[in-house]
Amino acid sequence: MDDDVKASMHKHRHTTLERLEKYISENHFQDVNLRGKLYPFSKEIDRLYHWSMPDGQGAWEQWSFRQVITQDFRPANIGESFGPLWSTHWFRIEVTIPDSWKGQQVWLRWNSQAEAMLWSMNGEPLQGLSPSGPHQRMKRDITNGFNSDNDEDTKMETNNHNNICTENGLPNQMRTDYPISRCWNGSQETLVYYIEMACNNMFGSGKDGMINPPDTERTFRLEMAEVCTMDADVYKLIMDLEVLHDMAKWLPKDDPRSYEALYAGNQIINTILKSDYRLASKIANTFFSKGNGARAHTLALIGNCHIDSAWLWPYSEAKRKCARSWISTLNLMEEYPEMRFACSQAQQFSWMKTHYPAVFEKIRAQVAAGRFIPTGGTWVEMDGLIPSGESFIRQFLYGQLFYQREFGVQCKDFWLPDTFGYCAQFPQICKQFGITRFLTQKLSWNMINKFPHNNFIWEGLDGTTILAHFPPGNSYEMNVKVEEAMRTVKNLQDKGRVSTSAFLYGYGNGGGGPTKEMLERARRLKDVDGCPRMEHMSPNSFFKRLESEKQNLCRWVGELFLELHNGTYTSQANTKRQNRECEFALRDAELMLALAAVGGELNEGKLHAYQDALVGAWKKVLLNQFHDVIPGSSIGLVYREADQMFQEALALATQIKESCSALILQDKAEARQGESVIVNTFPWKVQQVVSVNEDNLEPTRKRVRMEGEVTQATRTGGHYFAVEAQGIGWTKLSPMCPAPVSVRVSNGVYVLENSLIRAEIGKYGQVLSLTSASDPARDVFKKRDGHQGHGNQMMMYDDIPLYWDAWDTMDYHLETAKVLNDEHSGCVMTEMKVIESGPLIVKLQWEMRISKVSSITQEIELSAVSPYLTFSNHVNWHENRKFLKVAFNTGLLTRNATFDTQFGYIERPTHTNTSWDSARFEVCGHKWADLSEHDFGVSVLNDSKYGWTARGSTLTLSLLRSPKAPDEYCDMGSHTFRYALMPHKGSLQSAGVQRRAYEFNNSLMVSSTTLSEDKDTWYSLVGDGAMIEAVKLAEDKTGDVVVRVYEMEGGSPKVWLKVPSTPRPRSAYLCSGLEGPYKELSFSVEEASKHLFIALSLSPFKIVNVRISYG
Ligand SMILES: [Zn+2]
């Protein structure tokens, strides 16, 4: 009858929309709607047995499936609760399928409010299961809710949409089911499965469902354990109706296509109610077959599952999240051949290889098929700001090597959707590893300024460019909903320049990645008039398409600064300190190992064992650089694991450094008594005061006496010596006789002076005056109006953010500044004491109670040869949402401050002219920052800090925060850190600020030698402006040495790499980051020293890798 397919009356848009919605709702009218018909028959499983794994968090790693299933399983019931948080529970389920279900689709359904893995009775992981429920969904909204657009309307729209999704009863697509059979064979055998329940869920288990410290008391209730039949026709129609509803709702109201969708949906309901499923389905098919015109924008559908390697859960749980998510993804791949899945952290693949070899083999097959796609090229998705340049190199090196070795592929795309800022050297580092494209999303979270592009050419610090893309949908967890597709095109800021945008879909963090529903929607929306076109693509295919349009794109130069999460430069201070220590310790250890190897000091077995051990140590450090660990945004449990790993890495690096240097410095031919020796691992001459213990002093003492003993006893019974050491190399201890450093006290002012600088310090530690001996009339702290500013002002701020405690410090915290070490602060201070008084070291000490619960002890030190004042701090810290900083309120007039960064430095404004300038109120810098006028300036160096503020003439270093979530004990307890203040004449480059900052972080090493020579140099540089960042054995274990040099002063200097001639190298090549040689270099020989020289061509901030072969 024709009447059946006509609208029978005037249609009201809103009521019709809601009719569609209610007809497929999970929450309303299920007894009569279509959703209620999805599972026509069900029964609870017949028998349920339970065994609780002892020992809680991480215990699962010690158990094999075979061991587990032989444990004492006891009967259990649906409705029981299991816990506590982080514990593991195993279930054995037994069920027989009713005879009458023959020929039907049969599914298993399980909801235990916790993440779970379904296993076959043979120990094969079958499917990840994640809990469903509105509660779960609410938490998702917390993390995804910050839209980005700085457009209030859009923000509201997005948030509302997320809520409506739950409220209106559209299905909540967590994963609670598993297809036992698509067509049940009628067998009466008892089916047996095992389920491993991990007592946590997608966002760990924060108190009140928020990003809070975990609720360790929490238990998880087994709500559902059943088998059921599933009606495939009903499923199809539900999906059809959902997409029609969404098109009707989200297409522009003045688009006739919106009404076509509405009427088609309405008509389908009427048809279903007449039980004509076939016709209903046909109406939908007809609607979806009406394609787009050629002008439609294309969305590149890239499946993904963003799994934080640790965050609101420990590392051990992330491993299981990967397994659960990826087995589910692999299952979907069988059903949906069009699907492409991008996966980005080599570490996570490596976990699979170790803990889930069967899953890893399936992955390997899909990698070969080009469908499970390793991407990103890095070991983990690391923090983009805090790791050193060499750490970033290692992230790519060990990532790419893993992919090459395991899968025979190399990533071409850098994939870092979720990090809190992006260093300006990423383009150059990427290109060193064959990566020319970059994808991220987080910059859309900017608080103040909207980043102006989604697609652009990103030019880094050295001028290298890569192609960058930010998915305009502002999420890497899309559900393939019509609204998201429309939003993606609406948000695209490069309209008319590009025709394709990435669309990243799949639940992250234990949600299990893409779902069947997402893929069903994608099939319907592939090419439908009114919606953007959808095409499944690999990242590579997407970027290829973008590359064909890159001539249309704009260019962005320098760092990508995220205007949010600036507290992460400071939170979890000890983790950051350990990371810095490990970076330096690993550098020295690799250098010593390379020297020992080239010198033939180690047999092959030992050599390779050491080399592997150092790679293992690096990987621990790299893992802790994950984008929620080193920034300080994880739960406390993670930091206990990270601490342990850092300690292991540090101990190993120290041990290898010491045993290799002992081998190198030992005379095997002749037995001599050991003499003190100074080892300098920097490629320049270093002057420092070192302390030497009595016990290895005897032969040294004789030399010293002969030359006129210039020593000072240390407080621990040793001796200070001022020494000068050539780099990179060693020099027997041969004290210099510098002009003494002195301390005088007059009127409560302490005057510290050596031949380089002079400082006046008040009784509570404030620096009242600071001059450089080469320009004694210029006082760093003298203001233009004649007033005197002060340095080393200990500052306290209220630090209560708007959103995420550990992540954010807001600009208004600057308005709450309070100077602590001031007469009128109310803090209890002990007056300054002179504890060492020269001639080599002068040291003052003072103490302050910051509050009832916190205190600082500070030592202020100047050595006879140091161009900077050192401040060593011991802080006992128990504050709540307070921020401790140290300020240097100088008299300098400068519009830019300069900050140390990976392989170079960057400048940022000291003013707040524009909203972009003002948003950079707290910025990231590494070992130093500097304020300079044309020929004079001051630098602040540090050994473990990353947060800075430069406003006007004041430079402030961030020291400690005290956020309470997600780690309620974040930074509570004792801290040790140092910073230094260095006035300089000339530029920071001519004053050697960068070199001093390296030295400040890694003092000369005092060791012992039996060699007869007085000194020697190893790999070194001739010429200024460059640094040897690494000397390491090549990863391919050929015994070749890779020397990584970079230009650090922003110039194009002439530099020669000096190489020892014994043993004589066979050849030298320029090589890539992956250490593959590409251009031969020639040696020149210096007749006198027999050293070899390799000329290097450098330009500002360029990284050059030289591979030297000895074989
Ligand atoms: Zn993340």
Side-chain angles (χ1 to χ4, degrees), residues 115 130 139-148 200-204 206 210-211 302-315 317-322 324-326 342-349 351 375-387 395 399 414-422 438-446 470-471 473-478 502 504-513 560 562 564-565 567-568 571-572 575 622-635 637-639 642 803-808 965-967:
E115 293 185 348
S130 38
K139 287 181 200 161
R140 295 179 50 72
D141 294 342
I142 294 166
T143 50
N144 266 348
F146 204 76
N147 184 349
S148 51
N200 66 92
N201 53 39
M202 277 180 58
F203 289 88
M210 306 285 284
I211 295 178
I302 303 172
N304 83 125
C305 176
H306 180 83
I307 301 180
D308 290 318
S309 290
W311 179 30
L312 302 174
W313 48 85
Y315 286 123
E317 202 51 53
K319 297 174 190 177
R320 292 202 285 196
K321 282 177 187 282
C322 293
R324 291 188 287 258
S325 302
W326 294 356
C343 198
S344 64
Q345 308 189 49
Q347 168 71 85
Q348 295 186 351
F349 285 94
W351 283 338
T375 192
T378 53
W379 186 248
V380 296
E381 281 185 19
M382 66 282 191
D383 177 75
L385 292 171
I386 289 162
Q395 289 285 357
F414 179 28
W415 184 276
L416 195 62
D418 183 24
T419 191
F420 314 145
Y422 309 82
F438 169 54
L439 182 144
T440 190
Q441 183 269 315
K442 207 69 172 200
L443 222 64
S444 69
W445 285 36
N446 263 7
F470 301 169
N474 292 336
S475 170
Y476 43 82
E477 289 196 300
M478 298 287 215
L504 311 182
Y505 70 99
Y507 293 131
N509 284 337
L560 300 174
L562 177 65
L564 196 71
H565 294 354
T568 61
S571 299
Q572 298 289 2
T575 302
L622 298 181
L623 175 56
N624 286 338
Q625 290 172 350
F626 178 75
H627 66 253
D628 277 310
V629 180
I630 204 164
S633 47
S634 283
I635 55 172
L637 193 52
V638 173
Y639 293 100
Y803 304 103
W804 297 281
D805 220 351
W807 287 258
D808 291 342
D967 175 8

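Just so you know, ligand 1 is whichever comes first in the structure, and atom 1 is the first atom listed for that ligand. Atom set for the values below is all heavy atoms of this structure, side chains included, hydrogens, waters and symmetry mates excluded.
The angle Asp308:OD1 - the Zn ion (ligand 1) - His306:NE2 amounts to 90°, with values rounded to 10 degrees.
Of the charged side-chain nitrogens involved, none lies within less than 4.0 Å of a carboxylate oxygen, so that Glu115 and Arg320 do not count as a salt-bridged pair.
Gln347 and Trp379 share a side-chain donor-acceptor pair at under 3.5 Å.
The nearest N, O or S atom of Glu381 is not closer to the Zn ion (ligand 1) than 2.8 Å.
Within the model, atoms CH2 of Trp313 and CG of Asp628 stand 7.5 Å from one another, a figure rounded to the nearest 0.5 Å.
Distances from the Zn ion (ligand 1) to each N, O or S atom of Asp418 single out OD2 as the nearest.
Using the six-membered ring where Trp is involved, Trp326 and Phe349 have ring planes that are tilted, between 30° and 60° apart.
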